[in-house]
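Everything quoted here is computed from the prediction, not taken from an experiment. If you read the sequence from its start, that first residue is 1, and numbering goes on from there.
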Amino acid sequence: MEAEAADSPPGGVKAALSCFSFNQDCTSLAIGTKAGYKLFSLSSVEQLDQVHGSNEIPDVYIVERLFSSSLVVVVSHTKPRQMNVYHFKKGTEICNYSYSSNILSIRLNRQRLLVCLEESIYIHNIKDMKLLKTILDVPANPTGLCALSINHSNSYVAYPGSLTTGEIVLYDGHSLKTVCTIAAHEGTLAAITFNASGSKLASASEKGTVIRVFSVPDGQKLYEFRRGMKRYVTISSLVFSMDSQFLCASSNTETVHIFKLEHLTNNRPEEPSTWSGYMGKMFMAASNYLPAQVTDMMNQDRAFATGRLNFSGQKNICTLSTIQKLPRLLVASSDGHLYVYNLDPQDGGECVLIKTHSLLGSGTTEENKENDLRPSLPQSYAATVARPSTSSASTVPGYSEDGGALRGEVIPEHEFATGPVRLDDENEFPPVSIRNP
């Protein structure tokens with residue numbers, strides 16, 4: 001999830017950050033400023049470790065890191081049509097591409113790299129940066145709204161299919177063919193995102209009142225959540241937790257909403273055995289005679305948990321991450337702060353703010369600090385809320401402590417003139433410069 005911050009947000013606070021994004025598995029945060037960009041590790045609640053910082057490229061408005069590898073993609077306002085791919089630990093440029101118009105967003109996984117312009121999407125093979133497909137029949141998309149599944153075994157792509165309605169085009173990034181179109185909303189789209197496995201797709205319209213979740217690849221509606229009723233908002237980020245149990249949405253208001261994706265069942269419900277159960281059944285039966293709009297609102301689930309921000313009107317992004325073995329809500333804002341909340345996965349309710357980090361201050365700046373993790377201390381959720389733990393971040397199965405590949409795995413494999421090169425080996429990347437793909 002990546003966001004470009006406005007220079008003067010409605011709240012009147014000048015944006016300190018030009019952009020900010022969490023990486024694919026929510027273990028790292030990247031920020032862009034007028035001076036350059038920084039990368040942070042999200043392995044601890046109490047400490048925010050700066051992994052890398054660069055002032056070589058000024059006025060950065062897009063910065064995306066590939067998981068916790070050394071590959072980072074940067075776009076600057078000084079050259080808004082050029083994408084630069086770097087191996088930041090070696091300080092070398094892997095390649096750069098120039099396009100026919102300004103780059104609006106970039107998405108990447110271990111197989112594909114997407115570059116979104118206003119009226120086209122370019123799909124590259126990340127192993128050798130070969131251009132595989134240019135999607136030209138894209139309705140005007142001034143915000144660069146698009147999504148890429150982080151699961152490289154399917155690499156599904158989603159983007160708006162209409163200027164006037166909330167239609168989503170689902171595209172297969174492997175076979176390079178359109179899968180289906182989904183009539184997600186009546187109004188135009190504001191946010192779309194895949195879950196980690198690429199089996200679900202969530203969306204929100206510009207009204208920001210209803211969030212829907214669809215199955216992939218058949219596009220059937222699975223869930224419908226109501227964020228609010230009285231006022232329309234601008235959804236700034238929409239993201240699943242890594243285990244797909246929760247869906248988080250932030251906006252230009254002071255509230256972050258977290259929805260719980262309950263297990264779906266097709267089993268016939270049992271006959272109610274209590275008076276309240278009987279009345280509930282009668283109420284649901286009566287809903288069949290109510291207007292469709294009222295019935296839809298009755299069937300929409302409300303937020304399972306919320307996070308309260310001490311500001312509104314500022315650009316922000318949120319994510320749900322497991323840090324030190326407990327679920328956390330993280331919110332990064334354009335004023336240069338990262339807010340960390342505890343999320344109770346059983347009872348929900350209001351999330352507790354436990355730490356605020358400055359993203360522009362002088363924190364720990366040791367390179368590779370994210371690999372220096374301490375053993376975890378098993379604690380209950382309640383105990384950790386009462387006394388913040390100092391243990392390390394939990395890891396995703398199949399990955400090393402820093403979120404990258406297990407030792408010896410090629411992630412990704414860049415096949416340039418000198419053949420395959422590992423991201424963390426001692427060989428230099430051969431420079432590649434390609435223009436107007």
Please confirm whether the backbone N or O of [Y] pairs with a side-chain atom of [X], one donor and one acceptor, at under 3.5 Å?
X	Y	result
Asn316	Gln314	yes
Thr322	Lys325	no
Thr306	Thr255	no
Ser215	Gln220	yes
Ser236	Lys315	no

[X] and [Y]: side-chain donor and acceptor closer than 3.5 Å?
X	Y	result
Ser155	Asn109	yes
Asn151	Ser149	no
Arg81	Ser101	no
Asp25	Asn23	yes
Ser197	Ser199	yes
Thr253	Ser251	yes

Looking at [X] and [Y], what are the two nearest heavy atoms and their distance?
X	Y	result
Leu136	Ser120	CD2-CB, 4.0 Å
Ala184	Ile168	CB-CD1, 3.7 Å
Cys248	Val256	SG-CG1, 3.5 Å
Leu114	Ala147	CD2-O, 4.4 Å
Gly307	Cys351	CA-CB, 4.3 Å
Pro345	Lys260	O-NZ, 3.5 Å

Parallel, tilted or perpendicular: rings of Tyr61 and His77 (30°, 60°): parallel

Parallel, tilted or perpendicular: rings of Tyr341 and Tyr339 (30°, 60°): tilted

Those residues that, when tested against [X], pass side chain to side chain donor-acceptor pair (under 3.5 Å) (two or more places apart):
X	value
Asn252	none
Asp137	none
Thr78	Ser76
Thr165	Ser162

Is there side-chain contact between [X] and [Y], with heavy atoms separated by less than 4.5 Å?
X	Y	result
Thr27	Phe67	no
Gln50	Leu48	no
Asn195	Leu261	no
Asp49	Phe40	no
Val213	Phe240	yes
Leu131	Tyr122	yes
Ser105	Cys146	yes
Leu329	Ile258	yes

Could you state the interatomic distance from [atom1] ([X]) to [atom2] ([Y]), rounded to the nearest 0.5 Å?
X	Y	atom1	atom2	answer
Glu64	Leu39	CD	CG	10.5 Å
Asn84	Glu93	CG	CD	5.0 Å
Leu309	Ser333	CG	OG	8.0 Å
Tyr159	Arg107	OH	CZ	15.5 Å
His357	Leu330	NE2	CG	9.0 Å
Met129	Ile94	CE	CD1	9.0 Å

Sole candidate of Leu148, Ile121, Leu176 that passes side-chain contact (heavy atoms from CB on, under 4.5 Å) when paired with Tyr171: Leu176

Residue pairs passing the side-chain hydrogen bond (donor to acceptor under 3.5 Å, both in side chains) test where at least one lies in residues 178-190, sequence neighbours excluded: His185-Ser203, His185-Arg212, Thr188-Glu206

Audit row: Leu42, Cys26, side-chain contact (heavy atoms from CB on, under 4.5 Å) steps and yes/no: CA-CA 8 Å; Leu42 302 175; Cys26 308; 5.7 Å; no

Arg112 vs Ile123, side-chain contact (heavy atoms from CB on, under 4.5 Å): CA-CA, chis, key distance, verdict: CA-CA 7 Å; Arg112 297 290 182 261; Ile123 302 178; 3.8 Å; yes

Aromatic ring proximity, centroids under 6.0 angstrom, His257 and Phe225: no

Step-by-step side-chain contact (heavy atoms from CB on, under 4.5 Å) determination, Phe22 to Ile317: CA-CA 8 Å; Phe22 294 104; Ile317 57 172; 3.6 Å; yes

side-chain contact (heavy atoms from CB on, under 4.5 Å) assessment of Glu118 paired with Asn102: CA-CA 8 Å; Glu118 184 169 355; Asn102 290 359; over 6 Å; no

Residues which pass ring pair (Phe, Tyr, Trp, His ring centres under 6.0 Å) with Phe304, listed by chain and number, not counting sequence neighbours: Phe246

